[in-house]
Number of protein chains: 2
Amino acid sequence: MASDFDPTMCPVRNVLDHISTKWTPLILLTLQSGALRFSQLHKQVPDISKRMLTQSLRDLERDGLLSRKVFPTKPPSVEYELTELGLSVMVPMGALVDWAENNFEKMKSARRDFDNGMQV
Amino acid sequence: MASDFDPTMCPVRNVLDHISTKWTPLILLTLQSGALRFSQLHKQVPDISKRMLTQSLRDLERDGLLSRKVFPTKPPSVEYELTELGLSVMVPMGALVDWAENNFEKMKSARRDFDNGMQV
DNA sequence: CCGTATCCTAGCTGATACTG
DNA sequence: CAGTATCAGCTAGGATACGG
């Protein structure tokens, strides 16, 4: 039953795995307002390391969600910008973010109740 | 700069971390059509282990996204069902799933191009 | 300024066996 | 049927140092 299932063929799993990593949503969200350079992103996405920022940006570029433009200035500068595909994913993801902001308190109180042994 | 940021205070991070685990979206999606028993879920969510199913269900229950009802029959049966909060998150998440299904091919071809060295 | 390379650890995850 | 317990492997992620 389960063995005839190939995870790489499942769009839901496959896509969600790529946009639901620790940093990906925050990066996409930050770039939604417009193109940013590496150092700007590093400042605006709290607590991310350069290593993870680079890796996440590469993954997103690979998936066609953002573009990377290198300006051969001195010192070099690199700009990241959402592609059409990247902008399009921000519609549903934006809705999810809105949900998160609107229902965070409900989840917190549900957790409090559960932890206090309210489960019947 | 980054040190004045508390991840537990960030709704986006906090909520997304909980609904974007490996199994959570699939479980929510499966329960969207109605209540299911543990064994039914185990069959319908491909490749999940009992261990992970139990753990994911507990987390979702703790966050108030689903309810757990035990029927003291012999042998016991347990039903899981989305709460109002769980149903409400399926609106944006359903949109994301739709996006995933509609844009999976685009992502795959973007990846192919990238891997073939098309990056300028 | 924009990365890469290397090492290292925490915790997620699966496999397996057992219980009420 | 619906879990729990235990153990081991893997890998995402962080710290640090270095390079173009």
Side-chain angles (χ1 to χ4, degrees), chain A residues 1-3 5-8 13-14 16-27 30-31 35-63 66-81 119-120, chain B residues 1-3 5-8 10 13 16-27 30-31 35-63 66-81 119-120:
Chain A
M1 282 299 166
S3 52
F5 173 78
D6 181 3
T8 54
R13 274 270 283 279
N14 207 289
L16 291 192
D17 281 358
H18 282 250
I19 55 185
S20 71
T21 64
K22 184 171 182 183
W23 301 110
T24 301
L26 293 176
I27 293 173
T30 306
L31 283 175
L36 284 177
R37 297 174 49 185
F38 186 88
S39 52
Q40 298 295 326
L41 273 169
H42 197 181
K43 278 171 198 157
Q44 295 195 31
V45 180
D47 288 340
I48 195 170
S49 65
K50 283 195 292 181
R51 184 188 181 286
M52 277 302 109
L53 181 54
T54 304
Q55 194 176 108
S56 306
L57 287 171
R58 286 286 182 278
D59 290 344
L60 290 169
E61 188 194 359
R62 192 170 107 102
D63 291 337
L66 56 79
S67 64
R68 177 173 179 271
K69 276 175 207 137
V70 182
F71 299 93
T73 54
K74 173 175 132 28
S77 79
V78 181
E79 249 188 28
Y80 294 92
E81 187 172 19
Q119 64 278 43
V120 180
Chain B
M1 289 297 152
S3 53
F5 172 77
D6 181 2
T8 54
C10 172
R13 274 272 281 279
L16 291 193
D17 280 0
H18 282 249
I19 56 187
S20 71
T21 64
K22 184 171 182 181
W23 301 111
T24 302
L26 293 176
I27 293 174
T30 306
L31 282 175
L36 284 176
R37 297 173 50 184
F38 186 88
S39 52
Q40 299 295 325
L41 273 169
H42 196 175
K43 280 172 198 158
Q44 294 194 32
V45 179
D47 290 338
I48 195 171
S49 66
K50 282 195 294 184
R51 186 185 178 290
M52 277 302 110
L53 181 55
T54 304
Q55 193 174 107
S56 306
L57 287 170
R58 286 285 183 280
D59 289 344
L60 289 169
E61 187 194 0
R62 192 169 107 102
D63 290 337
L66 57 80
S67 64
R68 178 174 179 270
K69 274 174 207 136
V70 182
F71 299 93
T73 55
K74 172 176 133 29
S77 79
V78 181
E79 250 187 26
Y80 293 93
E81 187 172 17
Q119 63 277 43
V120 182

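Convention: sequence-line order gives letters A, B, ...; per-chain numbering from 1.
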Please evaluate residues B:Leu41 and B:Leu57 with respect to the criterion side chain to side chain contact (heavy atoms under 4.5 Å, CB included), reporting the C-alpha separation (whole Å), side-chain torsions for both, the decisive distance (0.1 Å), and the verdict. CA-CA 10 Å; B:Leu41 273 169; B:Leu57 287 170; 3.9 Å; yes
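In this model, the phosphate group of C:dC1 is not approached by any side-chain N or O of A:Ser77 to a distance below 4.0 Å at OP1 or OP2. The side chain of B:Arg58 contributes an N or O atom lying less than 4.0 Å from OP1 or OP2 of D:dG3. Checking the phosphate oxygens (OP1, OP2) of D:dG3, a side-chain nitrogen or oxygen of B:Tyr80 falls inside 4.0 Å.
Listed for the A:His18 side chain is no donor-acceptor partner under 3.5 Å among the backbone atoms of A:Asp63. Side-chain N or O atoms of B:His42 include none that pairs as donor or acceptor with a backbone N or O of B:Ser49 at under 3.5 Å. A donor-acceptor pair is defined here as one N or O able to donate and one able to accept, closer than 3.5 Å; such a pair exists between the side chain of B:Thr30 and the backbone of B:Leu26.
Nearest nucleotide to the B:Arg37 side chain, out of C:dG3, C:dC1, D:dA2: D:dA2.
With rounding to the nearest 0.5 Å, the separation of OH in B:Tyr80 from CD in B:Glu61 is 7.0 Å.
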Starting at the 5' end of nucleotides 6-20 of chain C, put B wherever the base has a protein heavy atom under 4.0 Å, S where only the sugar-phosphate does, and a dash everywhere else. BB-----BBB----B
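Between the P atom of C:dC2 and the CZ atom of A:Phe38 lies a distance of 7 Å, rounded to the nearest Å. Between the CD1 atom of A:Ile27 and the P atom of D:dG13 there is a distance of 11 Å, rounded to whole Å. The CG-P distance, from A:Leu53 to D:dG13, rounds to 13 Å in whole Å. Counting to the nearest Å, the C1' atom of D:dG13 and the CG atom of A:Leu26 are 15 Å from each other. Between the NZ atom of A:Lys69 and the C1' atom of C:dC1 there is a distance of 19 Å, rounded to whole Å.
Minimum interatomic distance between A:Pro76 and A:Arg37 (heavy atoms only, all atoms of both residues): O-NH2, 4.3 Å. Among all heavy-atom pairs drawn from A:Pro25 and B:Leu16, the shortest one is CB-CD1, 3.7 Å. Between B:Pro46 and B:Trp23, the closest heavy-atom pair is O-CZ3, 3.5 Å.
Remark: B:Lys50 engages no residue in a side-chain hydrogen bond (donor to acceptor under 3.5 Å, both in side chains) (not counting sequence neighbours).
Every stem involving DNA chain C, taken as at least 3 paired positions in a row under the Watson-Crick or G-U wobble test at 3.5 Å, is listed here: C:3-20 with D:1-18.
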